[in-house]
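Heads up: the structure comes next, in structure tokens.
Quick caveat, the model's predicted, so the values are computed rather than measured. Heavy-atom basis, side chains included; hydrogens, waters and symmetry copies ignored.
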Amino acid sequence: MKFGIGQPVRRREDIRFVTGTGHYLDDLKLLSQVHAAFVRSPHAHARILSVDASAAESAPGVLGVLTAKDVEGAGSIPVRSLVKNRDGSDIKQSPKALLPGDKVRFTGEAVAMVVAETVAQAKDAAELVLVEYEPMAAAASLEQVDAPPVWDDAPGNLCFDWEAGDDAATAAAFAAATKVVSVELVQNRIVPNPMETRGAIGVYDQTADRYTLYTSTQGGSMIRGPIAGAVLKIPSDKLRVVTPDVGGGFGLKASAVVEQSLVLVAAKKFGHPVKWISERMEAFLADGHSRDVKMKGELALDRDARILGLRLSSRANLGAYMTHVGPLIPTAGLRVMGGVYRVPATYANVRGYFTNTTTVTSYRGAGRPEAIYVTERLMDIAAAAFGIDRLEIRRRNLIEKHELPRKNWRGLTVDSGDFIGVLEETAKRADWAGFEARRKQSRARGLLRGIGVSYYMEASGGPPVVEPSQIHFKDDGTVEVFVATQSNGQGHETVFAQLVAERLGVPYETVIIKQGDTDHGVAGGGTVGSRSVQTAGSAIALAADAVITKGKLAAGQVLQAGGEPVEFAVEDGVGVFRVKNSKRAISMVELARTLKRERLPGFEGGLDDKAAFDSPPTFPNGCHICEVEVDPETGQVKLARYTIADDVGRVINPLIVDGQIHGGVAQGIGQAMLENVVYAEDSGQLATATFVDYVMPRAEDMPKLDISYAEIPCLTNPLGVKGAGEAGTIGSLPAIVGAISHALGVAHIDMPATSEKVWRLARTIKQ
């Protein structure tokens with residue numbers, strides 16, 4: 001079997017996952033470890049009058065209880081405040097103490113931590129902690145932001161008022177327009193819900209005065225700095241972060257959270273490793289949620305239905321506390337608004353609000369789905385206003401190949417693509433022209449049929465974080481590759497091994513990917529924003545090139561080249577150094593062994609080498625066409641056909657990319673049709689706190705996907721790859737909603753388009 005670039009190699013890590021030999025956080029059982037349970041607030045907004053832990057402290061097996069007074073010396077979880085208000089002032093902050101001493105700000109906020117010998121003892125003792133609250137009115141949604149302030153220095157609960165683009169030029173474009181269309185949209189609030197919940201194990205080594213944190217992350221070096229510096233106030237090298245196998249992240253596990261710091265504090269205080277694993281209801285209450293934005297988009301067009309201007313006004317719910325990227329999601333995420341259309345003038349105004357709900361954090365796409373959703377829904381509404389086909393309005397406005405490279409409204413340079421070609425290919429594969437015949441067939445069965453199209457673009461990866469890689473040759477012939485990204489199920493161990501095997505000509509099975517331990521000495525930006533292959537993969541490619549360059553010099557000595565140049569080539573899968581115009585040659589593997597054995601002067605480190613790559617963003621793009629059948633008597637929506645053409649640049653492993661697209665579409669289906677977080681408006685209580693109340697997509701909801709790839713290499717990284725992890729979600733939301741709206745004959749239906757909502761709307765139309 002071939003294992004190089006472009007081959008559909010099955011994921012090597014799946015063997016241990018499907019056979020139950022994976023090593024996840026909860027599988028760790030450290031010597032003398034004890035367990036933590038949290039006392040969480042039943043109120044969305046309340047003053048804390050007193051905390052009495054005496055009964056809990058005397059309960060069987062309890063080592064102690066931490067409350068706010070026990071962590072007064074610790075810092076708060078930091079927030080990256082990279083955005084400014086329209087007037088240039090700083091945005092409001094939301095300092096997250098490890099345990100609050102003044103008041104609670106959302107239902108489920110931890111107010112005390114019980115540490116006991118067993119999980120059961122910790123949970124039982126947590127029930128004995130008495131907290132006296134003074135309940136306050138709560139802001140449970142964007143419609144209630146006039147409630148008492150979550151933060152005293154944020155009147156009206158306004159965190160920021162941000163703008164970008166050219167307001168004057170956009171106003172002029174609207175004034176000159178032949179037609180102006182608009183749409184008001186809901187980006188429904190959702191819960192990331194990875195299969196593996198959050199968790200943490202804290203260890204303190206008194207002799208070395210050093211902490212170790214075992215936790216499920218998207219990159220240990222991402223959270224080490226904030227926890228060490230801002231919270232524990234220690235040098236980063238005094239904290240080691242170890243990440244075992246991770247059962248899903250989706251953005252949720254990219255942020256430092258209070259529980260990770262608290263198990264470290266408790267480990268030092270009680271002299272034992274302290275373990276905490278979240279339960280599912282606890283996850284619903286206290287994990288970060290996502291999206292929750294109300295948007296109004298407007299599009300100005302000339303008489304030929306060509307775009308003149310795009311304008312957005314939106315309100316974003318940030319929750320009670322911001323994650324480290326909280327302010328960036330509804331603002332910087334808009335950098336792809338307008339997609340790959342010609343949009344001469346763009347302006348956006350976003351207001352971010354605090355509410356008494358759990359924090360809103362990153363989730364697959366993190367702002368880009370919102371940007372493309374409003375863009376694509378406007379394109380559909382504009383097509384209806386002009387009475388033209390939805391494909392045609394896109395053809396007229398898509399950037400043509402000869403116009404590239406081209407900067408978008410946020411100054412990002414889109415370097416490569418064939419957008420019209422991808423649109424046409426998708427329409428052909430989806431048989432757009434034959435839709436009316438299929439619609440008639442559906443009508444004959446009493447069903448409504450609709451078709452939706454979206455053309456997405458996203459910006460994946462990019463600065464400011466440089467991604468490193470190191471390649472080490474071992475005495476036993478294995479090749480270790482160290483990276484700072486962290487697989488959450490994406491297949492890094494397979495893809496990175498493919499890269500090294502092809503580049504160096506070493507056996508695929510001998511390449512071992514080393515990740516998940518900050519003591520490895522590599523620190524980077526982790527696995528976020530579909531960046532891993534384009535950043536860490538490119539760093540690996542550059543490190544491999546450095547190995548080859550070093551190897552040529554070393555082979556010159558070993559082969560006694562006498563000054564003749566040494567060449568390197570991969571011959572039948574084997575990397576070979578050869579003295580030019582001679583038969584003297586040595587394989588990569590044998591040269592590495594020779595240098596380990598003989599220690600040539602100047603090559604004491606053997607062939608080991610390293611590199612780093614600072615990747616500009618890439619711009620994956622593509623077209624989704626979705627067909628639905630709607631039963632007007634029940635409101636049930638079936639995804640009947642689904643066609644995708646993606647340009648994700650060079651495809652390293654099509655099997656894995658297919659999986660990423662499938663997963664992204666599945667999560668898009670969840671948001672578009674099923675998932676929705678509901679807080680009770682009168683109390684701020686979470687009404688959807690279990691899988692009984694919160695509907696997740698199931699296998700039966702997934703259609704068969706017809707996926708093809710337009711492999712147009714980008715020009716900004718050595719592999720020519722573009723991100724693929726978030727593409728499915730970004731493209732699917734407007735395609736699915738567009739199809740359902742078309743079936744019902746309405747301009748727009750808000751997400752989630754549940755069966756009840758569709759049924760009620762179908763009844764209204766029928767009457």
Side-chain angles (χ1 to χ4, degrees), residues 26 36-46 96 100 104-114 119 122-124 126-127 129 131 133 135-144 147 150 186-199 216 247-253 255 257-259 276-292 317-321 323 354-363 667 670-671 673-698 751-752 754-757:
D26 200 24
F38 288 95
V39 178
R40 297 188 179 276
S41 169
H43 302 285
H45 201 193
K96 182 69 186 83
V104 291
R105 292 176 170 85
F106 67 92
T107 303
E109 182 170 10
V111 295
M113 175 185 183
V114 177
V119 175
K123 290 169 65 176
D124 286 347
E127 297 285 341
V129 177
V131 184
Y133 298 98
M136 304 170 63
S141 68
L142 286 168
E143 285 69 39
Q144 295 177 293
V150 179
V186 172
Q187 274 285 335
N188 43 318
R189 189 181 183 110
I190 51 181
V191 181
N193 272 323
M195 285 191 293
E196 180 199 27
T197 58
R198 293 184 302 126
S216 182
F250 312 127
L252 171 69
K253 295 177 181 176
S255 300
V257 292
V258 294
E259 293 92 345
W276 166 74
I277 301 294
S278 173
E279 295 182 343
R280 185 59 65 179
M281 183 178 287
E282 192 175 18
F284 270 100
L285 287 168
D287 279 1
H289 296 169
S290 305
R291 314 290 197 233
D292 204 345
N317 188 344
L318 305 172
Y321 301 94
T323 63
F354 295 118
T355 62
N356 294 113
T357 63
T358 192
T359 186
V360 174
T361 190
S362 301
Y363 177 69
Q667 289 181 299
Q671 182 178 358
M673 300 173 60
L674 302 166
E675 300 181 53
N676 194 38
V677 172
V678 177
Y679 280 94
E681 290 192 3
D682 58 341
S683 65
Q685 295 294 315
L686 182 60
T688 49
T690 72
F691 286 140
V692 173
D693 313 295
Y694 186 92
V695 183
M696 295 279 284
R698 294 166 170 79
M751 301 186 293
T754 62
S755 294
E756 180 185 6
K757 189 184 293 183

**Prompt:** Quick one: are Pro752 and Leu674 in side-chain contact, heavy atoms under 4.5 Å?
**Reply:** no
**Message:** What I want to find out is whether Glu196 reaches Lys253 closely enough, with some N-O distance under 4.0 Å, to be called a salt bridge.
**Reply:** yes
**Prompt:** Sequence neighbours excluded, which residues qualify as salt bridge (charged side-chain N to carboxylate O under 4.0 Å, His left out) partners of Glu279?
**Reply:** Lys123
**Request:** Tell me, please, which residues at least two apart from Val257 pass side chain to side chain contact (heavy atoms under 4.5 Å, CB included).
**Result:** Arg198, Glu259, Gln260
**Request:** Taking the side chain as every heavy atom from C-beta outward, state whether Lys96 and Val258 have any pair of such atoms under 4.5 Å apart.
**Result:** yes
**Asked** Do Ser141 and Arg189 have side-chain atoms, one donor and one acceptor, less than 3.5 Å apart?
**Response** no
**Asked** Who are the side chain to side chain contact (heavy atoms under 4.5 Å, CB included) partners of Val131, not counting sequence neighbours?
**Response** Val39, Ile48, Val51, Val111, Val129, Tyr133
**Asked** How would you list, by chain and number, every residue that makes a side chain to side chain contact (heavy atoms under 4.5 Å, CB included) with Thr688, sequence neighbours excluded?
**Response** Val677, Val678, Leu686, Asp693, Tyr694
**Reported CD-to-CD1 distance for the pair Gln667 and Ile190, which is rounded to 0.5 angstrom** = 8.0 Å
**Prompt:** Would Thr355 and Asp292 count as a side-chain contact (heavy atoms from CB on, under 4.5 Å) if you check the C-alpha gap in whole Å, the side-chain angles of each, and the deciding distance to 0.1 Å?
**Reply:** CA-CA 11 Å; Thr355 62; Asp292 204 345; over 6 Å; no
**Asked** Do the non-hydrogen side-chain atoms of Thr358 and Asp287 ever get within less than 4.5 Å of each other?
**Response** no
**Request:** On the 0 to 90° scale, with breaks at 30° and 60°, tag the Tyr679-His289 ring pair as parallel, tilted or perpendicular.
**Result:** tilted
**Item:** Tyr321: ring pair (Phe, Tyr, Trp, His ring centres under 6.0 Å) partners, not counting sequence neighbours
**Value:** Trp151
**Prompt:** Say you draw a straight line from NE2 of His45 to CD of Glu109; how long is it, rounded to the nearest 0.5 Å?
**Reply:** 10.0 Å
**Message:** Quick check against the 3.5 Å criterion: does Asn317 have a side-chain atom that pairs as donor or acceptor with the backbone of Val360?
**Reply:** no
**Item:** For Asp26, all residues meeting salt bridge (charged side-chain N to carboxylate O under 4.0 Å, His left out), sequence neighbours excluded
**Value:** Lys275
**Prompt:** Quick one: side chain to side chain donor-acceptor pair (under 3.5 Å) partners of Asn193, sequence neighbours excluded?
**Reply:** Arg280
**Fill in**
Sorted by chain and residue number, the side chain to side chain donor-acceptor pair (under 3.5 Å) partners of Lys757 (sequence neighbours excluded) come out as none
**Message:** What's the separation between atom CZ in Phe250 and atom OG in Ser362, rounded to the nearest 0.5 Å?
**Reply:** 13.5 Å
**Message:** I'd like to check the side chain to side chain donor-acceptor pair (under 3.5 Å) partners of Ser255; sequence neighbours left out, ordered by chain and number.
**Reply:** His324
**Asked** Rounded to the nearest 0.5 Å, how far does CZ of Arg40 lie from CZ of Phe106?
**Response** 7.0 Å
**Asked** Run the side-chain contact (heavy atoms from CB on, under 4.5 Å) check on Phe284 and Val191 step by step: do they pass?
**Response** CA-CA 7 Å; Phe284 270 100; Val191 181; 4.0 Å; yes
**With sequence neighbours excluded, residues passing side chain to side chain contact (heavy atoms under 4.5 Å, CB included) with Thr107** = Ala44, Leu285, Gln685
**Fill in**
Contacts of Arg291 meeting side chain to side chain donor-acceptor pair (under 3.5 Å) (sequence neighbours excluded), chain-then-number -> Gln671
